[in-house]
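Worksheet: the structure to be examined is printed underneath.
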Amino acid sequence: QVQLAESGGGLVQAGDSLRLSCAASGSSFSNYAMAWFRQAPGKDREFVATIGWSGGSTAYADSVKGRFTIFRENAKKTLYLQMSNLKSEDTAVYYCAAGRAVGTIPAEFYYWGQGTQVTVSS
(Lines give C-alpha, C1' and ligand atoms only; values in the text may rest on other atoms or scores of the structure.)
Protein backbone atom coordinates (compact mmCIF):
# COMPACT_ATOMS: atom_id res chain seq x y z
CA GLN A 1 0.00 0.00 0.00
CA VAL A 2 1.15 3.54 -0.73
CA GLN A 3 -0.04 6.89 0.57
CA LEU A 4 0.08 9.89 -1.75
CA ALA A 5 0.08 13.61 -1.02
CA GLU A 6 -0.01 16.29 -3.69
CA SER A 7 1.37 19.81 -3.33
CA GLY A 8 2.29 22.79 -5.46
CA GLY A 9 -1.09 23.97 -6.63
CA GLY A 10 -2.13 27.59 -6.58
CA LEU A 11 -3.50 30.58 -8.44
CA VAL A 12 -1.54 31.59 -11.54
CA GLN A 13 -2.13 33.64 -14.66
CA ALA A 14 -2.55 32.27 -18.14
CA GLY A 15 0.84 31.58 -19.70
CA ASP A 16 2.53 30.91 -16.35
CA SER A 17 4.24 27.72 -15.26
CA LEU A 18 3.67 25.57 -12.20
CA ARG A 19 5.16 22.35 -10.85
CA LEU A 20 3.05 19.88 -8.91
CA SER A 21 4.59 17.28 -6.63
CA CYS A 22 3.22 14.03 -5.29
CA ALA A 23 5.06 12.59 -2.30
CA ALA A 24 4.64 8.89 -1.62
CA SER A 25 5.02 6.98 1.61
CA GLY A 26 4.47 3.38 2.58
CA SER A 27 5.14 0.59 0.13
CA SER A 28 7.78 0.71 -2.60
CA PHE A 29 7.07 3.73 -4.77
CA SER A 30 9.27 2.41 -7.56
CA ASN A 31 7.01 -0.63 -7.98
CA TYR A 32 4.11 1.49 -9.21
CA ALA A 33 3.21 3.18 -12.41
CA MET A 34 1.90 6.65 -11.69
CA ALA A 35 -0.47 9.13 -13.25
CA TRP A 36 -1.95 12.57 -12.93
CA PHE A 37 -5.66 13.16 -13.36
CA ARG A 38 -7.69 16.32 -12.96
CA GLN A 39 -11.28 17.21 -12.24
CA ALA A 40 -12.93 20.52 -12.96
CA PRO A 41 -16.21 21.53 -11.28
CA GLY A 42 -19.14 19.67 -12.78
CA LYS A 43 -16.94 17.46 -14.94
CA ASP A 44 -15.66 13.91 -14.76
CA ARG A 45 -12.14 13.15 -13.64
CA GLU A 46 -9.92 13.18 -16.72
CA PHE A 47 -6.55 11.75 -17.58
CA VAL A 48 -3.60 14.14 -17.79
CA ALA A 49 -0.40 12.08 -17.92
CA THR A 50 1.03 8.71 -16.92
CA ILE A 51 4.51 7.30 -16.35
CA GLY A 52 5.94 3.83 -15.94
CA TRP A 53 7.76 2.60 -12.84
CA SER A 54 11.18 3.42 -14.28
CA GLY A 55 10.16 6.67 -15.90
CA GLY A 56 10.93 5.35 -19.36
CA SER A 57 7.35 5.21 -20.56
CA THR A 58 5.10 8.25 -20.60
CA ALA A 59 1.83 9.28 -22.21
CA TYR A 60 -0.17 12.50 -22.23
CA ALA A 61 -3.65 13.72 -22.95
CA ASP A 62 -3.80 15.60 -26.23
CA SER A 63 -4.92 18.72 -24.39
CA VAL A 64 -1.65 18.96 -22.45
CA LYS A 65 0.84 17.41 -24.87
CA GLY A 66 3.77 19.74 -25.43
CA ARG A 67 2.90 21.85 -22.37
CA PHE A 68 3.05 19.38 -19.47
CA THR A 69 5.83 16.98 -18.49
CA ILE A 70 5.47 14.09 -16.07
CA PHE A 71 8.57 12.73 -14.36
CA ARG A 72 9.53 10.93 -11.20
CA GLU A 73 12.40 10.58 -8.78
CA ASN A 74 12.17 7.12 -7.26
CA ALA A 75 14.95 7.79 -4.75
CA LYS A 76 12.85 10.64 -3.37
CA LYS A 77 9.56 8.75 -3.77
CA THR A 78 8.17 11.73 -5.61
CA LEU A 79 6.16 12.23 -8.77
CA TYR A 80 6.07 15.58 -10.56
CA LEU A 81 4.01 17.37 -13.15
CA GLN A 82 5.71 20.34 -14.76
CA MET A 83 3.07 22.54 -16.34
CA SER A 84 3.86 25.42 -18.68
CA ASN A 85 1.86 27.82 -20.82
CA LEU A 86 -1.11 27.27 -18.54
CA LYS A 87 -4.57 28.03 -19.85
CA SER A 88 -7.83 28.80 -18.09
CA GLU A 89 -9.13 25.39 -19.14
CA ASP A 90 -6.39 23.77 -17.06
CA THR A 91 -8.19 24.94 -13.93
CA ALA A 92 -9.05 21.87 -11.87
CA VAL A 93 -8.17 19.80 -8.84
CA TYR A 94 -5.16 17.68 -9.78
CA TYR A 95 -4.76 14.19 -8.37
CA CYS A 96 -1.86 11.78 -8.47
CA ALA A 97 -2.54 8.06 -8.56
CA ALA A 98 -0.58 4.80 -8.33
CA GLY A 99 -1.31 1.59 -10.14
CA ARG A 100 0.08 -1.61 -11.60
CA ALA A 101 0.72 -0.24 -15.09
CA VAL A 102 0.51 2.95 -17.08
CA GLY A 103 -3.05 3.80 -17.98
CA THR A 104 -5.53 6.51 -18.81
CA ILE A 105 -8.61 5.38 -16.92
CA PRO A 106 -9.12 6.20 -13.22
CA ALA A 107 -10.33 2.66 -12.46
CA GLU A 108 -6.88 1.33 -13.43
CA PHE A 109 -5.28 3.03 -10.43
CA TYR A 110 -5.49 1.76 -6.87
CA TYR A 111 -4.22 4.61 -4.72
CA TRP A 112 -5.06 8.29 -4.85
CA GLY A 113 -4.00 11.50 -3.20
CA GLN A 114 -6.39 14.14 -1.89
CA GLY A 115 -5.72 16.54 -4.73
CA THR A 116 -4.32 20.03 -5.12
CA GLN A 117 -6.19 22.96 -6.65
CA VAL A 118 -4.80 24.69 -9.72
CA THR A 119 -6.57 27.86 -10.81
CA VAL A 120 -5.52 29.69 -13.95
CA SER A 121 -6.86 33.18 -14.42
CA SER A 122 -7.15 34.58 -17.93
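Because only heavy atoms are used, hydrogens play no part in the values below, and waters and symmetry mates are left out as well, while side chains stay in.
Between atom CD1 of residue I51 and atom CG of residue L79 there is a gap of 6.5 Å, rounded to the nearest 0.5 Å. Put simply, OG on S30 and CD on E73 are 13.5 Å apart, with the number rounded to the nearest 0.5 Å. Interatomic distance, CD of E6 versus CG of L81, reported as 11.0 Å (0.5 Å rounding). In this structure, CZ on R19 lies 11.0 Å from CE on M83, to the nearest 0.5 angstrom. Separation of atoms OG (S28) and CD (Q1) is listed at 13.0 Å; rounding is to 0.5 Å.
Minimum interatomic distance between S17 and Q82 (heavy atoms only, all atoms of both residues): CB-NE2, 4.1 Å. Pairing each heavy atom of T78 with each of S21, the nearest pair is CG2-CB, 4.3 Å. The minimum heavy-atom distance between A14 and S122, with the atom names listed, is CB-CA, 4.2 Å. Nearest approach of M34 to A98, heavy atoms of both residues: SD-CB, 3.5 Å.
Of the possible polar contacts, none joining the S63 side chain to the A61 backbone as a donor-acceptor pair under 3.5 Å is found.
Sequence neighbours left out, not one pair with a member in residues 27-59 passes disulfide bond (SG atoms under 2.5 Å apart). Residue pairs meeting the disulfide bond (SG atoms under 2.5 Å apart) criterion with at least one partner in residues 35-70, sequence neighbours excluded, do not occur; the list is empty. Sorted by first and then second residue, the disulfide bond (SG atoms under 2.5 Å apart) pairs involving residues 40-122 (not counting sequence neighbours) are C22-C96. Screening residues 94-108 for salt bridge (Lys or Arg N to Asp or Glu O under 4.0 Å), with sequence neighbours left out, gives no hits.
Annotation: salt bridge (charged side-chain N to carboxylate O under 4.0 Å, His left out) contacts of E46 (sequence neighbours excluded): R38. With sequence neighbours left out, the side chain to side chain contact (heavy atoms under 4.5 Å, CB included) criterion links T119 to L11, T91, Q117. For D16, the side chain to side chain contact (heavy atoms under 4.5 Å, CB included) partners two or more places apart in sequence, or in a different chain, are V12, Q13. Remark: R67 engages V64, S84, N85, K87, D90 in a side chain to side chain contact (heavy atoms under 4.5 Å, CB included) (not counting sequence neighbours). Evaluation of the side chain to side chain contact (heavy atoms under 4.5 Å, CB included) rule for A24 yields V2, L4, F29, K77 as partners, not counting sequence neighbours. The salt bridge (charged side-chain N to carboxylate O under 4.0 Å, His left out) search around K65 returns D62, not counting sequence neighbours.
As a member of the Ile/Leu/Val/Met/Phe/Trp/Tyr network built from side-chain separations under 4.5 Å, F109 groups with F37, F47, V93, Y95, W112. Think of F71 as one node in a network of Ile, Leu, Val, Met, Phe, Trp and Tyr side chains linked at under 4.5 Å; its network also takes in Y80.
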- I70 vs W36, side-chain contact (heavy atoms from CB on, under 4.5 Å): CA-CA, chis, key distance, verdict: CA-CA 8 Å; I70 187 172; W36 288 98; 3.6 Å; yes
- Test L86 against F68 for side-chain contact (heavy atoms from CB on, under 4.5 Å), laying out the working first. CA-CA 9 Å; L86 283 161; F68 290 11; 3.8 Å; yes
- Show your working on side-chain contact (heavy atoms from CB on, under 4.5 Å) between T50 and T58 and close with a plain yes or no. CA-CA 6 Å; T50 188; T58 60; over 6 Å; no
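I105 and V102 end up in different hydrophobic clusters when Ile, Leu, Val, Met, Phe, Trp and Tyr side chains are linked at under 4.5 Å. The hydrophobic cluster containing Y32 does not contain W53, counting ILVMFWY residues as joined when their side-chain heavy atoms lie under 4.5 angstrom apart, directly or transitively.
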